[in-house]
Protein chains: 2
Amino acid sequence: MAFPAALHDHSACIHAALDAAEAECRRRGARLTDIRRIVLELVWESHRPVGAYALLESLGRLGRSAAPPTVYRALDFLLAHGLIHRVASRNGFIGCPHPGHAHGGQILLCAQCGMAAELDDPALDREIALSAARLGFSVSHQTIEVEGLCPTCRAQAGDTA
Amino acid sequence: MAFPAALHDHSACIHAALDAAEAECRRRGARLTDIRRIVLELVWESHRPVGAYALLESLGRLGRSAAPPTVYRALDFLLAHGLIHRVASRNGFIGCPHPGHAHGGQILLCAQCGMAAELDDPALDREIALSAARLGFSVSHQTIEVEGLCPTCRAQAGDTA
DNA sequence: TCTGTTTTGTTATGTTATAACATACCTTCC
DNA sequence: GGAAGGTATGTTATAACATAACAAAACAGA
């Protein structure tokens with residue numbers, strides 16, 4: 001997983017994500033209904049975390065205006081099937097580029113441009129489980145959200161380190 | 001840092017935390033005013049994350065009823081000086097047992113009893129920074145919140161692993 | 001004591017999330 | 001096809017979390 005460049009063929013990202021979602025839902029016997037698919041598309045409109053109420057507005061612009069529970073239910077479904085991740089530190093959601101693969105949601109967030117990417121480092125998972133185990137704690141789920149500067153924004157800021 | 005036992009001398013925790021806070025504020029030339037100290041004490045009433053509105057109610061019970069901004073300002077102060085941590089995944093706050101020591105807020109949360117503890121593993125910090133650097137990303141701040149079972153709750157559940 | 005700064009009070013409102021119940025829609029079995 | 005039961009969506013209301021904006025008070029240093 002590379003950090004998404006400022007300029008890239010984003011329609012390819014959306015397309016790939018939707019395809020992967022279809023496949024994953026088929027595999028799980030889960031129903032990717034209209035709203036759920038639309039919400040997933042809207043989440044993928046950028047690589048930035050999107051809030052539920054922003055999605056609500058987007059839905060309105062598509063002529064499918066809805067109330068909050070509709071969006072939250074779609075988000076719950078997408079979360080439950082690993083198609084999106086919740087970004088707790090921003091009260092937002094981002095699309096998962098590789099649903100199905102077990103991974104715990106390690107997210108990089110650029111403080112400058114707001115773009116997000118997944119880190120997905122198994123060594124990190126292991127280190128956390130190990131470190132927790134030393135305190136007698138057994139891990140079931142982890143939230144890792146790392147803020148900093150993405151490659152593009154570092155270059156712009158003249159950070160060459 | 002051990003995970004706090006279900007039964008322990010909690011007044012000692014509160015006392016130690018308040019003392020450490022006083023010292024840290026003196027060191028920094030920051031003013032630990034009445035409300036700020038009281039809010040800190042209330043955050044320390046348990047080892048569980050507390051929400052701002054719960055603090056508000058507690059303040060009311062102490063005869064110091066206040067409006068939300070008062071509590072949020074106190075929390076902002078305590079956060080700014082490292083006396084508490086924000087628990088993003090729970091919209092809550094917990095006291096920091098060792099303010100002053102540089103550390104990035106690695107938090108263990110028991111899904112059963114709700115208790116929280118700090119992990120504070122420097123190797124974890126390093127692994128994250130390293131792994132992010134491989135994607136060209138430079139880290140400034142990290143949120144790590146790990147959910148699972150604490151030693152006490154594991155024992156109760158018969159988990160001997 | 002005056003002055004500028006910091007802190008707190010107060011009112012209003014913005015933002016995020018869910019409870020509770022009604023309706024529609026699919027599926028399967030007769 | 002039609003009834004039954006589950007799943008999904010619509011709708012209304014409200015809970016829970018957070019901040020903007022301005023007024024008043026408390027404090028620190030000259």
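Letters go in sequence order (proteins before strands), and every chain restarts at 1.
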**Request:** Show your working on salt bridge (Lys or Arg N to Asp or Glu O under 4.0 Å) between A:E145 and A:R86 and close with a plain yes or no.
**Result:** CA-CA 10 Å; A:E145 296 172 15; A:R86 177 174 180 65; over 6 Å; no
**Message:** Go nucleotide by nucleotide along DNA chain C from the 5' end; which of A:G51 and A:R73 gets its closest nucleotide reached first?
**Reply:** A:G51
Protein-nucleotide distance ([X], atom [atom1]; [N], atom [atom2]), rounded to Å:
| X | N | atom1 | atom2 | value |
| --- | --- | --- | --- | --- |
| A:L55 | C:dT15 | CG | C1' | 14 Å |
| A:R37 | D:dA8 | CZ | P | 14 Å |
| B:L56 | D:dT19 | CG | P | 14 Å |
| B:I35 | C:dT10 | CD1 | P | 11 Å |
| A:R90 | D:dA18 | CZ | P | 15 Å |
| A:F77 | D:dT7 | CZ | P | 13 Å |
| B:L78 | C:dT8 | CG | P | 11 Å |
| B:I38 | C:dT7 | CD1 | C1' | 14 Å |

**Message:** Can you identify which nucleotide, out of C:dG9, C:dT18, D:dA18, has its nearest atom closest to the A:Y72 side chain?
**Reply:** C:dT18
**Request:** Consider the side chain of B:P68, meaning its heavy atoms from C-beta on, and name the nucleotide among C:dA17, D:dG10, D:dA18 that approaches it most closely.
**Result:** D:dA18
**B:R37/B:E41 salt bridge by N-O under 4.0 Å criterion** =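 Judged by the 4.0 Å cut-off on N to carboxylate O distance, B:E41 and B:R37 do not form a salt bridge.
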**Prompt:** More than 12 non-hydrogen atoms from neighbouring residues, nucleotides or ligands closer than 6.0 Å to CD on B:E22, yes or no?
**Reply:**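 Yes, because the 6.0 Å sphere around CD of B:E22 holds more than 12 heavy atoms from other groups.
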**Asked** Going by the angle between their ring planes, with limits at 30° and 60°, are A:W44 and A:H10 parallel, tilted or perpendicular?
**Response**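 A:W44 and A:H10: tilted rings.
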Report which part of the nucleic acid [X] touches: base, sugar-phosphate, or nothing (heavy-atom distance under 4.0 Å, all strands).
| X | answer |
| --- | --- |
| A:R36 | sugar-phosphate |
| A:T33 | sugar-phosphate |
| B:R86 | sugar-phosphate |

**Request:** Would you tell me if any nitrogen or oxygen in the side chain of A:Y53 comes within less than 4.0 Å of OP1 or OP2 on C:dT15?
**Result:**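 It does not, given that no N or O in the side chain of A:Y53 lies less than 4.0 Å from OP1 or OP2 of C:dT15.
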**Item:** OP1 or OP2 of D:dA18 under 4.0 Å from side-chain N/O of B:N91
**Value:** yes
**Asked** When you match B:P69 and B:R31 each to their closest nucleotide on DNA chain D, which lands nearer the 5' end?
**Response** B:P69
**Item:** Euclidean distance, A:L59 CG relative to A:T70 OG1, rounded to 0.5 Å
**Value:**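 So the OG1 of A:T70 and the CG of A:L59 are separated by 8.5 Å.
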